[in-house]
Amino acid sequence: MSLSPIPQGVYPSVTHISPQKLAARGIKLVLADLDNTLVPYKVTEPPAEIVAWKEALEQAGIALFLLSNSRKPGRAQHFAEKLGIPYQGRSGKPKKAGYLRAMERMGARPQETVMVGDQIFTDTLGANNAGAVPLLVEPIRLAGNPGRYIRYAAEAPFRLLGKRRPFL
Ligand SMILES: [Mg+2]
């Protein structure tokens with residue numbers, strides 16, 4: 001475990017993360033962020049490509065779990081139920097408690113778990129903190145909130161370092 005903000009690989013989107021390659025690395029559990037990772041902010045239904053990715057994970061023997069910091073009432077629950085996966089809203093990332101609770105619920109050890117998310121200072125930092133493998137994806141959409149561009153710029157050095165050490 002560490003307080004590192006460096007991910008192990010940066011991927012264009014979650015569907016670029018191969019279930020077969022994850023399984024080959026011994027992964028049993030994928031914790032996924034919601035906003036700007038699986039869908040843009042405000043999108044409430046899982047699109048077809050996310051449904052297909054979840055099914056491919058299952059076929060590879062890997063469970064998908066929604067680990068969201070969303071404070072919008074019902075948002076994480078609704079999305080997870082539509083996708084048919086377990087979830088935890090208001091997870092408190094980057095604190096490790098939410099990750100540890102999710103892994104315990106799912107019966108997976110940290111070294112069998114990856115966290116897929118779009119933000120270094122929540123998703124990646126928390127995964128490293130909890131001992132899980134941090135995979136970063138490009139945010140789906142930065143438009144709509146100027147703060148997102150500023151944050152993305154602040155993340156740039158860590159994104160670069162993460163590209164040099166891909167997990168897959
Ligand atoms: Mg996000």
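Sequential numbering from 1 along the given sequence is applied to the chain's residues. Atoms within each ligand, like the ligands themselves, are counted from 1 in listed order. Side-chain atoms are counted along with the backbone in the values below, which use heavy atoms only and exclude waters and symmetry mates.
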Do you see a donor-acceptor pair shorter than 3.5 Å between the side chains of Ser91 and Asn69?
no
Charged N to carboxylate O under 4.0 angstrom, Arg101 versus Glu104?
no
Classify the side-chain pair Gln59/Glu55 by whether it contains a donor and acceptor separated by less than 3.5 Å.
no
The N/O/S atom of Asp118 lying closest to the Mg ion (ligand 1) is OD1
Ionic contact status for Asp35 with Lys42, cut-off 4.0 Å:
no
Closest to the Mg ion (ligand 1), among the N/O/S atoms of Asp35, is atom O
If you look at Asp33, which of its N/O/S atoms is nearest to the Mg ion (ligand 1)?
OD2
